[in-house]
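Worksheet: the structure to be examined is printed underneath.
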Amino acid sequence: MSQVTAVFVLVSLLGLSVVRAEDPYLWFPWNVTYGTIAPLGIPQQVILINNQFPGPEINCTSNNNIIINVFNNLDEPFLLTWNGVQHRKNSWMDGTPGTNCPILPGQNFTFHFQPKDQIGSFFYFPSLGMQKAAGGVGMLRVHSRLLIPVPFAPPAQEFNVLAGDWFTKSHKVLARQLDAGRGLGLPAGVLINGRLGKDAAGRDEPPCSPCKPANVYRFRFCNVGLKTSLNFRLQKHSLKLVEMEGSHTVQNLYDSLDVHVGQCLSVLVTADQAPGDYYLVASTRFTKEILAATAVLRYAGSNAPPSPVIPDGPSGWAWSFNQWRTFRWNLTASAARPNPQGSYHYGQINITRTIKLVNGHSVVDGKRRHFINGISHVDPDTPLKLAEYFNLSKPAFEYNLMGDVPPAPDAPVTLAPNVITAEFRTFIEIIFENTERSIQSYHLDGYAFFPAGMGPGKWSPESRKRYNHLDTVSRHSIQVFPRSWTAIMLTFDNAGMWNLRSMNWENKYLGQQLYVSVTSPARSLRDEYNMPANALRCGAVVGLPLPPSYT
């Protein structure tokens, strides 16, 4: 079989029609195994992909066809999700427990998706249980097509900076800990690209590729941890913010940048200092004890070690909030825009529905649970998307157990699949209200949204007067400060079943998430793909005949 024939056969098997043969295909065979490493000096079991920790980089261009064949050689089910990739019309490839059956031990599954009309910095990670605490995380870069100009000159080189808090207990132990009603506690440290930055003897790890004076370099910062916000800074260098989760930004200069859990951004750094070595630092925010990891940026020909004096990070919530207010979308840049085209004039679109989401925690049947609007999510045996597609939503789950307005604070908490419906192509406002003393970070699969406002205390309709209706940055993850609110706006135009989750993985694991079902009344392939032929089946849909095809 020729290579061209093989491409068309595979695409046919996956249930996707080939419309634009010029979109290139990138192929990734991934072998998922356990391995033992000791990034903080304590040997522990981690998840490797092709023996790599972090996992392999996906370096692609907008609209590329990404084909990833995942072989699960663990002793437990496994699944990957692609944080920030919108999977237009294709929630079948989202890789969450609500959309996909897990890949069982000894089996494989082929993901096929396109970052349609997207650019930017994203990452992938395991979506089941607490596996995210064991690794399996990697960078996903999406570049602009050559015909679309980018609002900055090509950098001399790009560096991935996947950083996050790290626990030395295994992911299975952490899961048992949460199941027993105990919290995760404090992390043991911070890692940058799987390393602390110092070896056992206290010596610096090898530096990244030497930088040439006067050249400009791009750093892609992602917070891939479980619960802790991070601050990034580089000794004696300014950080020019240029991209945030798929949107080009107004290019302001910063001494340091806060990046909350699940978020990514890109900065440009000019090598304008004296030749030498300099520390790149990622340190925790809002923790009693400041934990940090370092990496060394080396100028070509350097023989000077980095200064041991590492600049302090900021303190307090107000600093981070005020920095967020400086982030602005670059409306003059030629780049991918949110769908539908024109929705970047979000401030001029009438809101058809407001959903207020209040998070919290409680004890249910003697165990700690986290919830949104009184519902603590539980994954059913049959993934929600499959149950919906086969018209088996009952008894698998019930729509809209949760209302648009939160219940009274003392209302009992319900444990159930939390699925709400959204009318196709409606413009909706979502208010996140955080009643906790710790920072919250939310992510929505399948979409980019507009974080129009933030503020302390409780949200009220009067809060809309303080919204940014012009140029807030379109993105997929947003923080909610303690005892504060954040408002986002978006058009629910991407049909499918989409996960809205806390990126504080302890909260998410204990129920602080929901799914949004967006269906097209037309049942048209124009709006959503059919279930791919290679889709894994589990639960109640095993052996059932396929429903009528979308047309």
Side-chain angles (χ1 to χ4, degrees), residues 15 77-83 85-104 109 111 113 126-129 131 355 357 369-404 414-424 428 430 442-447 492 494-503 507-521 523 527-532 534-544 546-547 550:
F78 183 76
L79 201 56
L80 286 169
T81 191
W82 321 93
N83 207 62
V85 177
Q86 293 179 20
H87 302 292
R88 304 296 303 178
K89 308 192 297 184
N90 193 21
S91 65
W92 303 108
M93 294 293 143
D94 198 32
T96 66
T99 55
N100 296 79
C101 296
I103 307 169
L104 298 179
F109 176 70
F111 290 92
F113 59 86
S127 62
L128 298 184
Q131 290 177 346
I355 305 173
L357 303 179
R369 297 292 301 185
H370 287 256
F371 60 82
I372 298 175
N373 284 13
I375 308 294
S376 183
H377 176 81
V378 177
D379 287 316
D381 293 333
T382 305
L384 303 165
K385 180 59 181 175
L386 283 176
E388 181 178 75
Y389 189 72
F390 282 85
N391 199 26
L392 295 174
S393 58
K394 288 187 177 181
F397 66 92
E398 183 178 341
Y399 293 106
N400 299 314
L401 286 176
M402 184 198 80
D404 289 358
T414 301
L415 272 62
N418 193 0
V419 185
I420 66 173
T421 57
E423 186 178 347
F424 190 50
I428 292 178
I430 299 177
Y442 283 103
H443 168 86
L444 176 60
D445 284 349
Y447 290 92
F492 276 104
N494 190 13
M497 182 75 70
W498 304 107
N499 188 216
L500 191 162
R501 58 180 173 266
S502 169
M503 289 303 292
N507 295 11
K508 184 263 184 189
Y509 180 88
L510 294 176
Q512 206 162 84
Q513 59 173 318
L514 58 85
Y515 283 82
V516 184
S517 172
V518 185
T519 58
S520 165
R523 288 185 59 84
D527 300 325
E528 186 175 13
Y529 296 131
N530 285 309
M531 185 181 81
N534 75 323
L536 300 174
R537 294 203 193 187
C538 54
V541 304
V542 173
L544 294 183
L546 282 172
Y550 295 155

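In this text the structure is predicted, and so the values were computed from the model without any measurement.
Atom-to-atom distance recorded for Ser127:OG and Asn100:CG is 8.0 Å, nearest 0.5 angstrom. Between the NE2 atom of His370 and the CD1 atom of Ile375 there is a distance of 16.0 Å, given to the nearest 0.5 Å. Remark: Leu384 CG to Leu392 CG distance equals 12.0 Å, nearest 0.5 Å. Note that the CD1 atom of Ile420 and the OH atom of Tyr399 stand 12.0 Å from one another [nearest 0.5 Å]. For the atom pair CZ (Phe111) and CG (Asp94), the distance works out to 9.0 Å, reported to the nearest 0.5 Å. To the nearest 0.5 Å, atom CD of residue Glu388 and atom OG of residue Ser393 are 7.5 Å apart.
Using a 4.5 Å heavy-atom cutoff, the side chains of Met93 and Phe109 are in contact. Looking only at side-chain heavy atoms (C-beta outward), Phe390 and Leu546 come within less than 4.5 Å of each other. Using a 4.5 Å heavy-atom cutoff, the side chains of Pro126 and Leu79 are not in contact. Two residues are said to be in side-chain contact when any heavy atoms from C-beta on lie closer than 4.5 Å; Leu415 and Ser376 meet this criterion. In this structure the side chain of Asp445 reaches within 4.5 angstrom of the side chain of Arg501, judged on heavy atoms. A 4.5 Å side-chain heavy-atom check between Leu544 and Arg537 finds at least one atom pair inside the cut-off. Residues Thr81 and His87 form no side-chain contact, since every pair of their non-hydrogen atoms from C-beta on lies 4.5 Å or further apart. Between Asn83 and Met503, some side-chain heavy-atom pair lies under the 4.5 Å cut-off.
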* Going through the distances and angles, do Leu357 and Ile430 end up as a side chain to side chain contact (heavy atoms under 4.5 Å, CB included)? -> CA-CA 7 Å; Leu357 303 179; Ile430 299 177; 3.8 Å; yes
* Decide yes or no on side chain to side chain contact (heavy atoms under 4.5 Å, CB included) for Asn530 and Tyr389, but give the supporting numbers first. => CA-CA 9 Å; Asn530 285 309; Tyr389 189 72; 3.3 Å; yes
* To do: Apply side chain to side chain contact (heavy atoms under 4.5 Å, CB included) to Glu528 and Val518, showing your working.
  => CA-CA 10 Å; Glu528 186 175 13; Val518 185; over 6 Å; no
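For His377, the side chain to side chain donor-acceptor pair (under 3.5 Å) test picks out Asp379, with sequence neighbours left out. When the side chain to side chain donor-acceptor pair (under 3.5 Å) test is applied to Tyr515, the partners found at least two apart in sequence or on another chain are Thr96.
Not one N or O on the side chain of Asp381 forms a donor-acceptor pair closer than 3.5 Å with the backbone of Gly539. Asn418 places no side-chain N or O within 3.5 Å of a backbone atom of Leu514 that could act as its donor or acceptor partner. Although no hydrogens or angles enter the test, the distance criterion places a donor-acceptor pair under 3.5 Å between the side chain of Gln131 and the main chain of Pro77. Without hydrogens or angle criteria, Trp92 side chain to Tyr529 main chain gives a donor-acceptor distance under 3.5 Å.
The nearest pair of heavy atoms linking Pro102 to Leu128 is CB-CD1, 3.8 Å. Closest of all the heavy-atom pairs between Cys101 and Leu386 is SG-CD1, 3.4 Å. What you find for Phe424 and Thr519 is that their closest heavy atoms are CB-O, 3.3 Å. Here the closest heavy-atom approach between residue Ile372 and residue Met402 is recorded as O-SD, 3.8 Å. In this structure, Asn494 and Tyr447 approach most closely via the heavy-atom pair O-OH, 2.7 Å. Heavy atoms only, all atoms of each residue included: Ser91 and Gly496 are closest at OG-CA, 3.5 Å.
The six-membered or imidazole ring of Phe113 lies near that of Trp82, with a centre-to-centre distance under 6.0 Å.
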